[in-house]
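Here is the structure we will look at.
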Amino acid sequence: MSTHDTRNPCTKLCRYDAADRCMGCFRTRAEVRHWKRLPDETKAAINARIAARGGTVSKKDGKRAKKLDKKIHKLEAKLATLRARRSELERLVVKAAE
């Protein structure tokens, strides 16, 4: 019987960053997808890597991050609209100066 930690580290915050790592448990997509089929030694190594990094992200922190992402998206859309308006005003100023 193995004494290694082979528990699934999933925190149900499955969102991936640019490096294709889950932002909740820090596993790669492949590790998440094939978790049930991985050998216990591999699972233990993945869990050790996650623990060395500081553990997983809590569900509460993950939800907060999602809310912030939504706010950022809205602000980026508003900024794009404001930039378009500014460009239009600059075009009108140049046209009026001609």
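- Side-chain contact between I46 and I50 is present, with at least one heavy-atom pair separated by less than 4.5 Å.
- Checked by atom type and distance alone, the side chain of D40 never pairs as donor or acceptor with a backbone atom of T6 at under 3.5 Å.
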Donor-acceptor pairs under 3.5 angstrom involving side-chain atoms of residues 20-27: please list them, not counting sequence neighbours.
| unit_1 | atom_1 | unit_2 | atom_2 | d |
| --- | --- | --- | --- | --- |
| D20 | OD1 | R29 | NE | 2.7 |
| D20 | OD2 | R29 | NE | 3.4 |
| R21 | NH1 | F26 | O | 3.3 |
| R27 | NH1 | N8 | OD1 | 3.4 |
| R27 | NH2 | N8 | OD1 | 3.2 |

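- Among residue pairs with one or both ends in residues 68-85, those qualifying as salt bridge (Lys or Arg N to Asp or Glu O under 4.0 Å) are R15-D69; sequence neighbours excluded.
- From H34, atom NE2 reaches atom NZ of K43 across 13.0 Å, with rounding to the nearest 0.5 Å.
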As a quick check of understanding, evaluate side-chain contact (heavy atoms from CB on, under 4.5 Å) for R64 and L68, giving each step before the final call.
CA-CA 6 Å; R64 178 74 178 138; L68 290 173; 3.8 Å; yes

